[in-house]
Asks: 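Below is a structure I'd like to ask you about.
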Amino acid sequence: MAAQVAVANGGGAGPAAAAVAVVPAPAPAAPGGVTQPLPTTSLYVGDLEANVTDSQLYELFSQAGQVVSVRVCRDVTSRRSLGYAYVNYSSPMDAARAMEALNFAPLNNKPIRVMYSNRDPSSRRSGSANIFIKNLDKTIDNKTLHDTFSAFGAILSCKVAMDDIGQSKGFGFVQYEKEESAQSAMKSLNGMLINDKPVYVGPFLRKQERDNSFDKAKFNNVFVKNLSESTTKDDLVKVFSEYGTITSAVVMIGMDGKSRCFGFVNFESPDDAARAVEELNGKKINDKEWYVGRAQKKSEREMDLKRRFEQSMKDAADKYQGQNLYLKNLDDGITDDQLRELFSNFGKITSCKIMRDQNGVSKGSGFVSFSTREEASQAAH
DNA sequence: CATGAGCGT
């Protein structure tokens, strides 16, 4: 069932529902004019949980028709599942039925994703007709997303991002067969209410592409830092006026009345702002190498800081992965130094701590970190 | 707030 869709302002009707397309468009002519039909009996099954087996798939897909063969693809040497499989039918009708009925069926608690097999990687490489949807109501699952978006054309692949316990993360992806379907879905659904939430529907962009387009965005306000303490607003005006008309300039002052050594310059024209950044960033002025860049809005800066903080936590976690030992049932009298002494013959200890309550009483547990995970693992045995 | 993964015997 498709989700209820409404215009964000409450008026108007949603798009007319179209039948769910289950048969792919004819393949383009191969070089030499010979048409290469897509194998309408071969299904690609992705997003497999690591332990899903051939026989599980056989059992499931037999419900839709006579299965000719099934294979979970595995790494040649390790035999580990690559997370995808092929299911072949003899009848295109059975394959179509399987697509319709079994796409997003859970196997080992994880929804599988069923597509027609297509060995030509071009549409995967280009990522064309691929769209991104966010602010999705959490009750919208894979099927609902699929049915809602299939009103605009045949879908190659569709998914709601889920967390590890299968809850929607509130965003998802739809890749259509045709670019025009993607365009029409974005045009029609962006800003619409789906289950009472206004969704964002836009082109799918990889992180790098997003960052690049962000860089090209227009801005008037320029941020400058690493100023000399004596640099004043008038000095900024003097330097930045070279690049165009300035509407304001400021050097930020601390509570002590001293310069905080950064400031903002606002240009009338974004082109001038961009030129000032281009020409002045990294330039040495009064013995100081100025940083000059696009001024971030408060929310952008906060997000950036948050991202950096999370990355540094992750780096630390990775770095100390396997190097930390957690100890419990320790005698309450043991001190940090005694703990260090006790473990010192296993390797170089980088830190060592008994956990204590507010009153300094040992909780009977603690941590010892070694400089390598080999040392930590020796000490544990 | 949020921008995957992905094609064989």
Side-chain angles (χ1 to χ4, degrees), chain A residues 24 27 36 38-50 52 54 57-58 67-76 79-89 95 99 103-104 110-138 140 142 145-146 149 155-164 166-177 182 185-186 189-190 194 197-214 297-311:
Chain A
Q36 197 95 70
L38 276 184
T40 55
T41 55
S42 285
L43 300 180
Y44 168 93
V45 184
D47 290 354
L48 294 180
E49 192 274 333
V52 169
D54 289 354
L57 284 166
Y58 184 84
V67 172
V68 174
S69 68
V70 160
R71 147 182 248 115
V72 172
C73 294
R74 295 178 181 282
D75 181 271
V76 171
R79 303 307 295 159
R80 270 168 39 120
S81 167
L82 295 174
Y84 65 89
Y86 295 96
V87 175
N88 300 306
Y89 289 93
M99 277 269 282
N103 195 14
F104 311 124
K110 193 177 173 200
I112 61 174
R113 193 161 45 87
V114 188
M115 310 165 62
Y116 280 106
S117 171
N118 185 181
R119 304 178 84 153
D120 174 4
S122 52
S123 77
R124 291 190 284 278
R125 293 259 185 81
S126 70
S128 73
N130 205 6
I131 65 175
F132 170 67
I133 302 114
K134 69 180 172 185
N135 206 33
L136 275 176
D137 187 89
K138 303 274 166 127
I140 293 173
N142 287 314
L145 188 72
H146 185 281
F149 280 77
I155 290 173
L156 283 181
S157 167
C158 160
K159 172 149 97 175
V160 173
M162 308 274 192
D163 64 18
D164 40 18
Q167 294 283 313
S168 166
K169 293 208 241 182
F171 64 95
F173 312 89
V174 174
Q175 187 170 14
Y176 287 97
E177 268 177 32
M186 289 189 280
L189 287 185
N190 186 33
I194 302 187
K197 282 189 76 152
V199 291
Y200 166 87
V201 183
F204 170 79
L205 296 173
R206 306 215 95 95
K207 190 166 159 43
Q208 198 172 15
E209 299 172 297
R210 278 205 311 287
D211 292 347
N212 291 344
S213 65
F214 184 72
K297 295 185 184 78
K298 187 160 181 258
S299 61
E300 287 171 357
R301 204 177 71 242
E302 280 168 351
M303 270 226 294
D304 204 48
L305 286 170
K306 188 177 160 219
R307 213 199 56 229
R308 287 161 116 122
F309 175 74
E310 280 167 358
Q311 186 60 48

Asks: So does A:V72 get a backbone contact from the side chain of A:D54, meaning a donor-acceptor N/O pair under 3.5 Å?
Replies: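 Yes; at least one donor-acceptor contact below 3.5 Å.
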Asks: Side-chain donor-acceptor contacts of residues 124-133 of chain A below 3.5 Å, not counting sequence neighbours, with atom names and distances?
Replies:
residue	atom	partner	partner atom	Å
A:R124	NH1	A:N118	O	2.8
A:R124	NH2	A:N118	O	3.0
A:S126	OG	A:S122	O	3.3
A:S126	OG	A:S123	O	3.4
A:S126	OG	A:S128	N	3.2

Asks: Determine, for nucleotides 3-8 of chain B in 5'-to-3' order, which nucleotides have protein heavy atoms under 4.0 Å from the base (write B), from only the sugar-phosphate (write S), or from neither (write -).
Replies: BBBBBB
Asks: Compute the centroid of each ring, for A:Y44 and then for A:Y84, and state whether the two points are separated by less than 6.0 Å.
Replies: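 When the ring centroids of A:Y44 and A:Y84 are compared, they turn out to be within the sub-6.0 Å range.
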Asks: When you compare the side chain of A:V67 with that of A:N88, does any pair of heavy atoms fall below 4.5 Å?
Replies: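 They are not in contact (no side-chain heavy atoms under 4.5 Å apart), so the answer is no.
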Asks: By side chain to side chain donor-acceptor pair (under 3.5 Å), which residues pair with A:N190, not counting sequence neighbours?
Replies: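 Here no residue qualifies.
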Asks: Using a 90° cut-off around 0 for syn, call B:dG4 syn or anti.
Replies: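 Syn for B:dG4; the angle stays within 90° of 0.
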